Amino acid sequence: MAAADPVRYSVYVGNIPYHTSNNDLGNFFSQAGQVVNVRLVNDRETGRPKGFGFCEFADEAGAQNAINILNGADFNGRQLRVNWANK
DNA sequence: CTTGAGCGT
């Protein structure tokens, strides 16, 4: 199905606690599938974490699985918001 | 040493 693949298998991750690190999210998303890349978006000028990021999976199944399991899952006291990325 | 909806140096 992948009818509307955004660009590669990137998933949007939101509602991330500011105490979360790049490696922590990659470890957490490894539960769903093989994580190819994890990027936490932080403000380039202020240096403050925006609280969300993007996770890239090896295939669509892993990304879809992450959305099914990790979406709404409790992470460091916050519920992660996992969804398909737009851009 | 701060914040809390969002879609990216």
Side-chain angles (χ1 to χ4, degrees):
Chain A
M1 311 319 206
D5 284 340
V7 51
R8 218 175 161 88
Y9 305 105
S10 320
V11 286
Y12 168 78
V13 188
N15 205 40
I16 304 176
Y18 302 115
H19 306 283
T20 306
S21 300
N22 189 284
N23 187 20
D24 290 340
L25 256 183
N27 190 344
F28 191 79
F29 273 74
S30 298
Q31 300 171 101
Q34 183 177 358
V35 179
V36 182
N37 184 15
V38 181
R39 171 190 294 192
L40 289 186
V41 180
N42 296 68
D43 196 282
R44 182 175 57 89
E45 308 193 33
T46 61
R48 297 179 184 169
K50 292 183 178 177
F52 71 95
F54 295 91
C55 187
E56 187 177 287
F57 283 86
D59 47 52
E60 184 193 334
Q64 181 64 70
N65 192 26
I67 300 176
N68 285 285
I69 305 176
L70 304 180
N71 186 23
D74 183 81
F75 183 72
N76 289 359
R78 292 280 188 185
Q79 281 192 326
L80 287 186
R81 182 183 299 183
V82 185
N83 237 325
W84 291 104
N86 273 315
K87 303 185 273 289

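The model shown is predicted, which means the values in this text are computed figures rather than measured ones. Residue numbering restarts at 1 for every chain, and letters A, B, ... go by the order of the sequence lines. Just the heavy atoms: all of them, side chains too, but no hydrogens, waters or symmetry mates, feed the values below.
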Qualifying residues under side chain to side chain contact (heavy atoms under 4.5 Å, CB included), relative to A:V38, sequence neighbours excluded: A:N22, A:L25, A:V35, A:C55
Polar side-chain atom of A:N68 near backbone of A:Q64 as donor-acceptor pair, under 3.5 Å: yes
Residues which pass side chain to side chain contact (heavy atoms under 4.5 Å, CB included) with A:D74, listed by chain and number, not counting sequence neighbours: none
Atom-pair distance (CZ on A:R48; P on B:dG8), nearest Å: 19 Å
Qualifying residues under side chain to side chain contact (heavy atoms under 4.5 Å, CB included), relative to A:N42, sequence neighbours excluded: A:L40, A:P49
Sugar-phosphate, base or nothing in reach of A:G14, heavy atoms under 4.0 Å: nothing
Residues that A:N23 engages under side chain to side chain donor-acceptor pair (under 3.5 Å), provided they are two or more places apart: none
Of residues 71-81 of chain A, the positions that come close to DNA chain B - non-hydrogen atoms, cut-off under 4.0 Å: A:R78, A:R81
Under 4.5 Å side-chain linkage, directly or through intermediates, the cluster mates of A:Y18: none
Partner set under side chain to side chain donor-acceptor pair (under 3.5 Å) for A:N76, not counting sequence neighbours: A:T20
Nucleotide of B:dG4, B:dG8, B:dC7 approaching A:N15 most closely (side-chain heavy atoms): B:dG4
Within residues 30-45 of chain A, residues whose heavy atoms come under 4.0 Å of DNA chain B: A:R39, A:V41, A:N42, A:R44
Set of residues satisfying ring pair (Phe, Tyr, Trp, His ring centres under 6.0 Å) with respect to A:F75, sequence neighbours excluded: A:F28
Spacing between A:I16 atom CD1 and B:dG4 atom C1', to the nearest angstrom: 12 Å
Of the listed nucleotides B:dT2, B:dG8, B:dG4, the one nearest the side chain of A:F54: B:dG8
